[in-house]
Amino acid sequence: MLRPNLPKPPQNPLNQQSFEQNYRDVCNLLLSLTHSRSLPKGLQLHSHVLKSGLQTIPLISHYLINFYSKNQLPLHSRQIFEEASRKSSTTWSSVISSFAQNELPVLAIEYFRRMLGAQLRPDDHIYPSVAKSCAILNRLDVGQSVHCLAVKTGYEFDVFVGSSVVDMYAKCGEIRDARKVFDEIPEKNVVSWSGMIYGYTQLGQDEEALRLFKQAMVENLDVNDFTFSSVIRVCGNSTLFELGRQIHGLCFKTNFDLSSFVGSSLVSLYSKCGVIEGAYRVFDEIPVKNLGMWNAMLIASAQHVHTDNALDLFKQMESAGMKPNFITFLCVLYACSHAGLVEKGQYYFSLMREYGIEPGEQHYATLVDLLGRAGKLQEAVKIIDEMPIEPTESIWGALLTGCRIHGDTELAASVADRVFELGPVSSGLHVLLSNAYAAAQRFEEAAKVRKMLRDRGVKKETGLSWVEEGNKIHTFAAGDRTHMRTKEIYEKLEELGEEMEKAGYVADTSFVLREVNREEKDQTIRYHSERLAVAFGLITFLPDRPIRIMKNLRICGDCHTAIKFMSKCSGRVIIVRDNNRFHRFEDGKCTCGDYW
DNA sequence: AATGCCTGAT
């Protein structure tokens, strides 16, 4: 053990021994109190330290800074640091890490600069804290110079330094730099791997994330619940059900399936893949449910229009003493909106304040969506005019969606006028606005807006539907004839078409005329991507297996009617997820109750 | 003495 730098020995040599004894006792006690986070006892000890003059010893101030850091009192850490007579590199390191761990990243960077200014050489323990602070603040410029300095001082290959720099680059969106640093770390640990995988998922580079995960598996490396939840989320986002199920199996083997974090991504996976029963099963099996778990289950039941379940979950949460957060309320409002429960929705909206949550932009958007879908457009406008925040694009979008559903072309056009006065908008909203003008027969303006879109190089998204079969994904576009089994698919559609007409199906071509932003021209309405996907499912899957289809755009009204007939004529359960929600068709009916 | 701390949908 290093001999501490003691202050001048007391005058009376007899006291020397007791002083050293006292010093050692204080050190040990401080360490144990830091470990157990006993704040009152620590405060007591601190005043004892001051009385006996021990605070001048660097090791003691270092322990005190750590003690306050662990107790989430970074400003106490700061005070001790400032009062310390001699500041060793350990003292600097402690105070900077206290800032980094307690949400004061700006101070962490400021002190790091001060330290460099004092001509001190940072050690390997400081870099992770500073890199983390840059990541939180999204300060790529500072992060880069920190990385440079780490390279210069020879710490870039340290697993802690490297991992934190990987995370910093990933969070700042520089995934390639993150990867370069990652590849250079000679002895990576679970944090390095998870950080890199998580970085890819955050940027939507799902394939790269999965590839890296696979490599980690093949090389038999250490992974944990964080790693699993990242890759399961990838499977959920891309609706890779089979792969997700296999990874669920891996979690089961490693017992990570009981983790709440893994559980919530599993719930979301099963739900997004249209297997709501699986989501409920996972939820029930997780012994300790955290807030994310409840929220994941809530949104899953809301998406599948199990509205009673959703509202019941909310009640269960309350009685379990789980405090809902802003996401919980978004989920509940979403559930009400998609079931047309206006009053219930308004009730939950007002309940937020009782929980001390100020409604945010997204809550207002959902409320406007709720009112708009239910046809209460004037009330929706009133909410927008009276709310304490500036309307955002999603709020205008919600109102415009309501206008479209209820054919209020006049209101839609006036909203468009109002929005354009406010300045430039994103391309998504732009499309809605151009449709609003077209629907109100203001064709000149519609053309102008569309031209603006074209000039900005915005392309319409192609409507696609896809079905998973084993480990393969079959994708269809409208009128598509590229699939290997095209002939059989079209034959099946013809055959089904006759049965459907006998059962009373009449194609509604008005959807073609009314909807400007439709995916294809009218002659292909009978071969919209979702119908091709259904036909493929019918000729591929065993009769008792539900046909699950994913679609990137909103399902059109005529297809919705057609698939109802398809489910009746074929006796199959057909589940379609469009960009908005789930539809479960069975025996000629859809769970959305035609409200979507 | 230190790095990841994830959940909603658009």
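Per chain, numbering begins at 1; letters A, B, ... match sequence-line order.
Under the stacking definition used here (centres under 5.5 Å, planes under 30°), the residue A/Phe261 qualifies as stacked on the base of B/dC6.
B/dG4 atom C1' lies 12 Å from atom CD1 of A/Ile185, rounded to whole Å. The separation between A/Ile96 atom CD1 and B/dT3 atom P is 13 Å, rounded to whole Å. Counting to the nearest Å, the P atom of B/dA2 and the CG atom of A/Asn102 are 12 Å from each other. Atom CG in A/Asn66 sits roughly 8 Å away from atom P in B/dA1 (whole-Å rounding). For the pair A/Tyr364 OH and B/dG8 P, the interatomic distance rounds to 24 Å; values are reported in whole Å. A straight line from CZ of A/Phe226 to P of B/dT3 spans 14 Å, rounded to a whole angstrom. The distance between atom OH of A/Tyr270 and atom P of B/dG8, rounded to the nearest whole Å, is 16 Å. Atom CG of A/Asn552 and atom C1' of B/dA9 are 16 Å apart (whole Å).
Among the nucleotides B/dA9, B/dC6, B/dA1, the one closest to the side chain of A/His125 is B/dA1. Residue A/Asn224 places its side chain closer to B/dG4 than to any other of B/dA1, B/dA2, B/dG4. The side chain of A/Ser194 has B/dG4 as its nearest neighbour among B/dG8, B/dA1, B/dG4. Listed candidates were B/dT3, B/dA1, B/dG8. Nearest to the side chain of A/Ile327 is B/dG8.
Side chains of A/Ser260 and A/Asn290: a donor-acceptor N/O pair is present below 3.5 angstrom, by distance only. In this structure, a donor-acceptor pair under 3.5 Å is present between the side chains of A/Asn224 and A/Thr227.
Distance alone, capped at 3.5 Å, places no donor-acceptor pair between the A/Ser271 side chain and the A/Val267 backbone. Between the side chain of A/Thr591 and the backbone N or O of A/Arg584, at least one donor-acceptor pair lies under 3.5 Å.
Heavy atoms of A/Asn579 sit under 4.0 angstrom from primed sugar atoms or phosphate atoms, though from no base atom. Residue A/Asn237 is classed as having no contact, given no heavy-atom separation below 4.0 Å to the nucleic acid. Note on A/Ser394: nothing from the nucleic acid sits closer than 4.0 angstrom, heavy atoms only. No engagement by A/Glu393 is indicated, since no non-hydrogen atom pair under 4.0 Å with the nucleic acid exists. Residue contacts for A/Ser229: at a heavy-atom cut-off of 4.0 Å it reaches a base atom on one of the strands shown. Within the nucleic acid shown, A/Lys289 has no heavy atom closer than 4.0 Å to any nucleic acid atom. A/Ser94 comes within 4.0 angstrom of nothing in the nucleic acid, heavy atoms only. If you check every strand for non-hydrogen atoms under 4.0 Å, A/Tyr198 touches sugar and phosphate atoms only. Within the 4.0 angstrom heavy-atom criterion, no nucleotide atom of any strand lies near A/Ile126. Backbone-only engagement by A/Ser268 is indicated by non-hydrogen atom pairs under 4.0 Å involving sugar-phosphate atoms exclusively. Nucleic acid contact class of A/Ile299 (heavy atoms, under 4.0 Å, all strands): sugar-phosphate only.
Residues A/Phe112 and A/Trp92 keep their aromatic ring centres 6.0 Å or farther apart. When ring centroids are compared, A/His147 and A/Tyr127 stay outside the 6.0 Å threshold.
Considering only side-chain N and O atoms, A/Lys70 lies nowhere under 4.0 angstrom from the phosphate OP1 or OP2 of B/dA1. Contact annotation: A/Lys132 side-chain N/O to B/dA2 OP1/OP2 distance is not under 4.0 Å. Distances shorter than 4.0 Å separate some side-chain N or O of A/Lys171 from OP1 or OP2 on B/dC5. Note on A/Gln362: every side-chain N or O is 4.0 Å or more away from OP1 and OP2 of B/dT10.
Residue A/Ser77 forms a side-chain hydrogen bond (donor to acceptor under 3.5 Å, both in side chains) with just one option from A/Ser98, A/Ser97, A/Ser94, and that option is A/Ser98.
For B/dT3, its base never sits under 3.5 Å from the side chain of A/Ser164 at any donor and acceptor pair.
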